[in-house]
Amino acid sequence: MAFWLAKTEPDECSIDDFARAPQTPVRWDGVRNFQARNYLGQMGVGDLVFIYHSSCREIGIAGIARVSTAAYPDPSQFDPDSPYHDGRSTPDNPRWLAVDMVHHQRFERVLSLTRIKSLPGLEGLPLIQRGSRLSVMPVTAEHWEILLQATGA
DNA sequence: GCCAACGTTGGC
DNA sequence: GCCAACGTTGGC
């Protein structure tokens, strides 16, 4: 089992959307960055994913989701009405991937980015690397443990 | 293959 | 709302 972190704007999709319907898979789609897409492709069923809220009032890790369906072609790339439509994609040659995730855990309080930056031992985590905009990233078991400890959960 | 222009991300 | 940093595009 592997660990990941995925960013989302909570206006679009938040940990509350997972927690509200814990059994219902949420499709993680709309990723349009090649490196992030490649990481989506590496996700396996059962992997755990920190859900990170960005561009909002409480920036930070809000909880954990679990991968319920491994990567498949992101349907939104074929939908002309979707903001994520990509005319260069064909069913035979999809450019973008999605996975499904279900709720795993909602933290009582968000583990803030400020706090994350203050934690020792997170060197190499793309989230805190200067200028990194990677929206899906792997998290080592060591980093996962440090972050989980810091939530107090 | 270079690189300027552009659009996007995302913290502040 | 600002703007630095970044990834992608497309002309050459």
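All heavy atoms count here, side chains included; hydrogens, waters and symmetry mates do not. Below, chain A is the first sequence line, B the second, and so on; all start at residue 1. Everything quoted here is computed from the prediction, not taken from an experiment.
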A:Asp47 side-chain N/O to A:Ala2 backbone N/O, donor-acceptor pair under 3.5 Å: yes
Between A:Trp96 and A:Phe34, ring centroids under 6.0 Å: yes
Sugar-phosphate, base or nothing in reach of A:Arg57, heavy atoms under 4.0 Å: nothing
A:Ile59: which of A:Thr114, A:Leu113, A:Ile116 passes side-chain contact (heavy atoms from CB on, under 4.5 Å): A:Leu113
Sugar-phosphate, base or nothing in reach of A:Arg32, heavy atoms under 4.0 Å: nothing
Connected via hydrophobic side-chain network under 4.5 Å: A:Met137 and A:Ile128: yes
Terminal contacting nucleotides, 5' and 3', DNA chain B versus chain A (heavy atom, 4.0 Å): B:dG7 to B:dC12
Minimum side-chain heavy-atom gap A:Tyr84-A:Val31 below 4.5 Å: no
